[in-house]
Amino acid sequence: MKATILVDNYVPNKFELIGEPSFSCLVEADGLKILFDTGMSGIPFDNARKISLDLSDVTHVVLSHGHLDHTWGMENFIRRYPPNGKVKLICHPDALQSKIFGRKNIGMKRDESYLQRHFEIQKSKRPHWISDKIVFLGEIERKNDFEAKIPIGRARKDGFFSDDYMLDDSALAIDGKDGIGIVTGCSHSGICNIAEYAKKVIGKEKIAFILGGFHMQSEDADSDIVVKTVRCLEGLGVERMLPCHCTNMLGKIAIGKAMKTVEVGTGSVIEFH
């Protein structure tokens, strides 16, 4: 398995590439090419061209959730690599809902009817197996008392807007020889909840790595959420932590003090067996 970060907030020593406050990653595993999130603009695809990464044969597009920094690059992908109904788009049903923060649109730029013209859409709240080894986790079970407790904006459902607790926030899990690999977008559902649910769905205990945004943005390294999150992750015995996107410096430092942490960003390539 290989994951290449097409865009992240951070660009580590790759002067020819560009970052933006968003996330997109190409996952190549089990003979498939999965575009996990599309960033916020055409930058992920400019970066892919610069590193000679061909996206014309992407087999699946997976959305971690429906926020703009993970979905607004969709039109750029469609324009540059027309899927023509041959590419599967996988997401939680709520990812395609309208989402607002105040008066600002923070959800999908285009509606579901537009996407239906280009993709075979597969919406699922349940774990959806893309291959024998790769699963879209669907709606994440929320078991702990410290994650996913604060709504982010409001979402439209059944004609009304209500507080959005991001039930659409999900992740990919890969069943590898080295253990479970997890690729997440923002972890609004809680990075610990995601890790525990991946173990349940895959049926293994060992987690080889977790890559993506962990939504750790506290300005206090000793805050309750940071302390409990790091303690939980440490207890899971994750071999490699690869925090990026919506994980701030304090979050990365807190994780790095407790377990093996790898610096990643735009252009980084992660290999896993």
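Note that the coordinates shown come from a computational prediction; the quantities given were computed from them, not determined experimentally. As a basis for the values below, the full set of heavy atoms in this structure was taken, side chains included, without hydrogen atoms, waters or symmetry mates.
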message: Just so I know, are the side chains of Val135 and Leu172 near enough to count as touching, which here means a heavy-atom distance under 4.5 Å?
response: no
task: Please round to the nearest 0.5 Å and tell me the distance separating atom NZ of Lys33 and atom CD of Glu28.
output: 5.0 Å
query: Could Lys260 and Glu239 be called an ion pair, given the rule that one side-chain N must be under 4.0 Å from one carboxylate O?
result: no
task: Could you point out which residue of His215, His188, His67, His70 forms a ring pair (Phe, Tyr, Trp, His ring centres under 6.0 Å) with His245?
output: His70
message: Using a 3.5 Å distance criterion without hydrogens, assess whether the side chain of Asp164 forms a donor-acceptor pair with backbone atoms of Ala155.
response: no
- prompt: Which heavy-atom pair separates Arg126 from Ser124 by the least distance, and what is that distance?
  reply: O-OG, 2.6 Å
task: Indicate yes or no: at least one non-hydrogen side-chain atom of Leu115 is less than 4.5 angstrom from one of Arg110.
output: no
message: I'd like to know if Phe101 and Trp72 are part of one continuous hydrophobic network [Ile/Leu/Val/Met/Phe/Trp/Tyr, side-chain heavy atoms within less than 4.5 Å].
response: yes
- line: The reported gap from CD1 in Ile180 to CD1 in Ile202 (rounded to nearest 0.5 angstrom) is 5.5 Å
message: Working to the nearest 0.5 angstrom, can you tell me the gap between Asp37 CG and Leu63 CG?
response: 6.0 Å
field: Derivation of the salt bridge (charged side-chain N to carboxylate O under 4.0 Å, His left out) call for Glu75 and Arg80
entry: CA-CA 9 Å; Glu75 287 179 278; Arg80 300 190 196 197; over 6 Å; no
task: Measure across Glu139 and Tyr197 and return the closest heavy-atom pair with its distance rounded to 0.1 Å.
output: O-CE2, 3.6 Å
task: Classify the side-chain pair Ser41/Glu20 by whether it contains a donor and acceptor separated by less than 3.5 Å.
output: yes
query: Going through the distances and angles, do Asp111 and Ser113 end up as a side-chain hydrogen bond (donor to acceptor under 3.5 Å, both in side chains)?
result: CA-CA 6 Å; Asp111 62 16; Ser113 63; 2.7 Å; yes
- prompt: Should Val61 and Tyr81 be marked as a side chain to side chain contact (heavy atoms under 4.5 Å, CB included) after you check the CA-CA gap, both sets of side-chain angles, and the distance that decides it?
  reply: CA-CA 12 Å; Val61 174; Tyr81 309 99; over 6 Å; no
task: Please state whether the rings of Phe119 and Phe77 are parallel, tilted or perpendicular, taking 30° and 60° as the class boundaries.
output: parallel
- prompt: Rounded to the nearest 0.5 Å, how far does CG of Leu96 lie from SG of Cys91?
  reply: 4.0 Å
query: Between Ala95 and Met108, which heavy-atom pair has the shortest distance, and what is it?
result: O-CG, 3.5 Å
task: Taking the side chain as every heavy atom from C-beta outward, state whether Thr184 and Leu211 have any atom pair closer than 4.5 Å.
output: no
- request: State the CZ-CD1 distance between Phe272 and Ile182, to the nearest 0.5 angstrom.
  value: 9.5 Å
task: Kindly work out whether a path of hydrophobic side-chain contacts (I/L/V/M/F/W/Y, heavy atoms less than 4.5 Å apart) joins Met1 to Ile210.
output: no
query: Hey, are Ser189 and Asp169 close enough side-chain-wise for a donor-acceptor pair under 3.5 Å?
result: yes
query: Is the shortest side-chain N to carboxylate O distance from Arg231 to Glu234 below 4.0 Å?
result: no
field: Salt-bridge present (Glu147, Arg142; N to O < 4.0 Å)
entry: no
message: Taking the side chain as everything from C-beta on, heavy atoms only, tell me whether Val183 gets closer than 4.5 Å to Ile270.
response: no
task: Sequence neighbours left out, what passes side chain to side chain contact (heavy atoms under 4.5 Å, CB included) with Ala254? Give chain and number order.
output: Val226, Val230
field: Within-4.5 Å side-chain heavy-atom neighbours: His65 and Ser170
entry: no
- request: Compare all side-chain heavy atoms of Lys252 with those of Thr261 and state whether any distance is below 4.5 angstrom.
  value: no
query: Hey, any chance Val58 and Ile130 share a hydrophobic cluster, counting ILVMFWY side chains that come within less than 4.5 Å of each other, even indirectly?
result: no
- prompt: Does the distance from a Lys or Arg side-chain N to an Asp or Glu carboxylate O, for Lys50 and Asp46, drop under 4.0 Å?
  reply: no
- request: Determine whether Cys244 and Tyr10 make a side-chain contact, defined as any pair of heavy atoms from C-beta on separated by less than 4.5 Å.
  value: no
message: Applying side chain to side chain donor-acceptor pair (under 3.5 Å), can you list everything that pairs with Ser56, at least two apart in sequence or on another chain?
response: Asp54
- request: Examine Ile152 and Leu68 and state if one hydrophobic cluster contains both, with Ile, Leu, Val, Met, Phe, Trp and Tyr joined whenever side-chain heavy atoms are less than 4.5 Å apart.
  value: no
Ionic contact status for Lys133 with Asp30, cut-off 4.0 Å: no
message: Does this structure show an ion pair linking Asp57 with Lys86, if we count only N-O contacts that are shorter than 4.0 Å?
response: no
Lys99 side, atom NZ; Thr71 side, atom OG1 - distance, nearest 0.5 Å: 10.0 Å
- prompt: For Ser268 and Pro12, which heavy atoms make the closest approach, and how far apart are they?
  reply: OG-CG, 4.0 Å
query: Is it true that Glu205 and Lys200 have a side-chain N and a carboxylate O under 4.0 angstrom from each other?
result: no
Donor on one side chain, acceptor on other, Thr266 and Asp8, under 3.5 Å: no
Same cluster (ILVMFWY, side-chain, under 4.5 Å), Val27 and Val62: yes
task: Mind listing the closest non-hydrogen atom pair of Thr247 and Gly212 along with its distance?
output: OG1-O, 4.1 Å
message: Are there over 12 heavy-atom neighbours, none belonging to Lys109, within less than 6.0 Å of that residue's NZ?
response: yes
message: Tell me if the CZ atom of Phe161 is crowded by more than 12 foreign heavy atoms within 6.0 Å.
response: yes
message: Atom CG of residue position Asp132 - does it have more than 12 heavy atoms of other residues, nucleotides or ligands inside 6.0 Å?
response: no
- request: Tell me, please, which residues at least two apart from Phe214 pass ring pair (Phe, Tyr, Trp, His ring centres under 6.0 Å).
  value: none
message: Using side-chain heavy atoms (C-beta onward) and a distance below 4.5 Å, is Leu35 in contact with Leu6?
response: yes
message: Strictly distance-based, threshold 3.5 Å: is any side-chain N or O of Ser187 a donor or acceptor partner for the main-chain N or O of Gly190?
response: no
- request: Check Gly39 against Ser24 and note the closest heavy-atom contact, atom names and distance.
  value: N-CB, 3.6 Å
message: Can a donor-acceptor pair be found, under 3.5 Å and without considering hydrogens, that links the side chain of Asp168 to the backbone of Gly66?
response: yes
